[in-house]
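The structure under discussion appears below in the form of structure tokens.
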Amino acid sequence: MKKEDTVKLVSAEGFEFVVDKKAAMVSQTIRNMLTSPGSFAETQHGEVTFPEISTPILEKICQYFYWSLQFASGKETEFHIEPEITLELMMAANYLHT
């Protein structure tokens, strides 16, 4: 996979998740960051840092991106969310418009 086909998402703790750009575009916020006209750092480097989103939450969000693509293509599977991360995950999802 070519570098321009991926996006690096960086958590508050500095952990890096490299995901398919198509998967990351599930998030309206990330889509806007990567496709906005102008010379934004996110657009130029294909990297988005989330100083407010912890590593476990960003990992779950990345899992959701891939699940969402599968669901959109007709593969209906369950997406499990652990109860103890629900509130933090909902706040991150609200920010990311997912």
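Note that the numbering runs from 1 along the sequence shown for the chain. Below, all heavy atoms of this structure are taken into account, side chains as well, without hydrogens, waters or symmetry copies. None of these values were measured; they are calculated from a predicted model.
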Pair Phe17, Lys8 - check side-chain contact (heavy atoms from CB on, under 4.5 Å), show working.
CA-CA 6 Å; Phe17 296 91; Lys8 186 185 299 182; over 6 Å; no

Could you pull out the closest heavy-atom pair between [X] and [Y], with the gap in Å?
{"X": "Ile61", "Y": "Ala92", "answer": "CD1-CB, 3.5 Å"}
{"X": "Ala12", "Y": "Pro51", "answer": "CB-O, 3.2 Å"}
{"X": "Ser27", "Y": "Ile30", "answer": "OG-N, 3.1 Å"}

A side-chain contact here means heavy atoms from C-beta on lying under 4.5 Å apart; do [X] and [Y] qualify?
{"X": "Ser11", "Y": "Phe50", "answer": "no"}
{"X": "Val48", "Y": "Val10", "answer": "no"}
{"X": "Val7", "Y": "Leu34", "answer": "yes"}

Rounded to the nearest 0.5 Å, how far apart are [atom1] of [X] and [atom2] of [Y]?
{"X": "Glu47", "Y": "Leu9", "atom1": "CD", "atom2": "CG", "result": "9.0 Å"}
{"X": "Leu89", "Y": "Lys60", "atom1": "CG", "atom2": "NZ", "result": "8.0 Å"}
{"X": "Leu58", "Y": "Glu52", "atom1": "CG", "atom2": "CD", "result": "13.0 Å"}
{"X": "Met33", "Y": "Leu96", "atom1": "CE", "atom2": "CG", "result": "7.5 Å"}
{"X": "Lys22", "Y": "Asp5", "atom1": "NZ", "atom2": "CG", "result": "11.5 Å"}
{"X": "His97", "Y": "Thr29", "atom1": "NE2", "atom2": "OG1", "result": "4.0 Å"}

Out of curiosity, does [Y] fall in the hydrophobic cluster containing [X] (side-chain heavy atoms, cut-off under 4.5 Å, transitive links)?
{"X": "Tyr95", "Y": "Val26", "result": "yes"}
{"X": "Met91", "Y": "Ile81", "result": "no"}
{"X": "Phe15", "Y": "Ile57", "result": "yes"}

I want to know whether Tyr64 and Tyr66 have ring centres closer than 6.0 Å.
no

Any side-chain to backbone donor/acceptor pair from Ser68 onto Phe65? Under 3.5 Å, distance only.
no

Verify, without hydrogens or angle tests, whether Gln70 (side chain) and Lys75 (backbone) share a donor-acceptor contact under 3.5 angstrom.
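No: the side chain of Gln70 does not pair with the backbone of Lys75.
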
Side chains of Ser54 and Glu88: do they bring a donor and an acceptor to under 3.5 Å?
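The criterion, which ignores hydrogens and geometry beyond distance, is satisfied for Glu88 and Ser54.
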
Ring geometry between Phe79 and Trp67 (parallel below 30°, tilted from 30 to 60°, perpendicular above 60°)
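Answer is tilted, since the angle falls between 30° and 60°.
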
